[in-house]
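The structure appears right after this line, and notes come after that.
Source: prediction; values computed, not measured. Values reported hereafter were calculated over all heavy atoms of this structure, with side chains retained and with hydrogens, waters and symmetry mates removed.
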Amino acid sequence: MKSPFNLKQFVIITLLVSIWINISEVFRYFVLVMPRIKTFFQYQSGIADMNMGIFSIWGLWDTLLTAILVFVFWLYARSFGNTAKSVWVSGTFVWMAVFVIFWVATANMGLSEWSILLITLPLSLLEMLVGAWMASWLYKRV
């Protein structure tokens with residue numbers, strides 16, 4: 001995979017992979033994270049609320065996250081080939097740079113329980129690895 005960066009290909013792959021990322025994020029948040037956050041902040045109003053504005057920003061954040069994942073995968077695969085190792089390295093790198101830092105910082109500041117990391121970190125790693133695998137598969141075909 002030594003081809004130069006192709007913006008059209010990148011956008012198509014990012015949009016396709018973002019479908020998975022958005023579904024995964026919404027499921028994890030609504031089913032597993034939101035109930036725990038609401039319980040953790042049971043005496044605070046407005047915590048973990050969801051409205052169209054918040055949901056829209058979340059969608060943009062997920063698309064940016066996907067673009068970063070697809071770009072990191074492309075960079076790694078361009079240098080080392082489109083392989084399972086490229087999927088593993090790029091997915092894990094983005095996971096550590098985004099999710100591990102976010103959730104450890106959140107728990108460290110007392111904004112969530114440390115136990116939530118047992119849910120969010122493995123599931124977000126799976127999300128990133130599946131997303132990187134999808135990018136790999138799509139780069140071979142698009």
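Residue L123 is not grouped with residue M128 when hydrophobic side chains (ILVMFWY) are merged at heavy-atom distances under 4.5 angstrom, including chains of intermediate members. Criterion: ILVMFWY side-chain heavy atoms under 4.5 Å apart, direct or through other members. Under it, V104 and L125 are part of a common hydrophobic cluster. Neither F55 nor F27 shares a network with the other; the hydrophobic side chains, linked directly or stepwise wherever heavy atoms of I, L, V, M, F, W or Y lie under 4.5 Å apart, form separate groups for each. In the hydrophobic clustering of ILVMFWY residues, with side-chain heavy atoms under 4.5 Å counting as a link, L32 and W58 come out apart. Hydrophobic cluster membership differs between F41 and I119, with clusters built from Ile, Leu, Val, Met, Phe, Trp and Tyr side chains linked at under 4.5 angstrom.
The side-chain heavy atoms of L65 and E127, taken from C-beta on, include a pair separated by under 4.5 Å. Under the 4.5 Å side-chain criterion, counting only non-hydrogen atoms from C-beta, N22 is in contact with T63. Residues S112 and I37 form a side-chain contact, since some pair of their non-hydrogen atoms from C-beta on lies under 4.5 Å apart. L126 has its side chain out of reach of L129: every pair of non-hydrogen atoms, C-beta onward, lies at least 4.5 Å apart. Counting heavy atoms from C-beta outward, F102 and T120 have side chains that stay 4.5 Å or more apart. You'll find the side chain of L60 stays beyond 4.5 Å of the side chain of L64, heavy atoms only. Counting only heavy atoms from C-beta outward, the side chains of Y76 and V87 never approach each other to under 4.5 Å. Counting heavy atoms from C-beta outward, S24 and I21 have side chains that stay 4.5 Å or more apart.
Atom CD1 of I57 is separated from atom CE of M52 by 11.5 Å, given to the nearest 0.5 angstrom. Here I19 contributes atom CD1 and T14 contributes atom OG1; the two are 11.5 Å apart, rounded to the nearest 0.5 Å. In this structure, the separation between CD1 on I12 and CG on L7 is 9.5 Å, given to the nearest 0.5 Å.
No more than 12 heavy atoms of other residues, nucleotides or ligands sit less than 6.0 Å from atom NZ of K85. Residue-environment remark: NZ (K8) stays at or below the threshold of 12 foreign heavy atoms within 6.0 Å. Crowding of F40 atom CZ: a count of heavy atoms from other residues, nucleotides or ligands under 6.0 Å exceeding 12.
Nearest approach of I116 to R36, heavy atoms of both residues: CD1-CB, 4.1 Å. For the pair S90 and V72, the tightest heavy-atom approach, listed with the atom from each and the gap, is CB-CG1, 3.9 Å. Taking each heavy atom of L69 and A132 in turn, the nearest pair found is CD2-N, 3.7 Å. A pairwise comparison of heavy atoms in N82 and F73 identifies OD1-CZ, 3.3 Å as the closest pair. Closest of all the heavy-atom pairs between N6 and Q9 is OD1-N, 3.0 Å.
Side-chain contact, S124 with W95: a donor N or O sits under 3.5 Å from an acceptor N or O.
Ring-plane geometry between F5 and F71 is classed as perpendicular, the angle between the planes exceeding 60 degrees on a 0 to 90 degree scale with a lower cut at 30. Taking the six-membered ring for Trp and thresholds of 30 and 60 degrees, W61 and F99 have ring planes more than 60 degrees apart, a perpendicular arrangement.
Taking the six-membered ring for Trp and the full ring otherwise, F10 and W74 have centroids separated by 6.0 Å or more.
Considering V11, L15, V17, L16 in turn, V17 is the only one that fulfils the side chain to side chain contact (heavy atoms under 4.5 Å, CB included) rule with I13.
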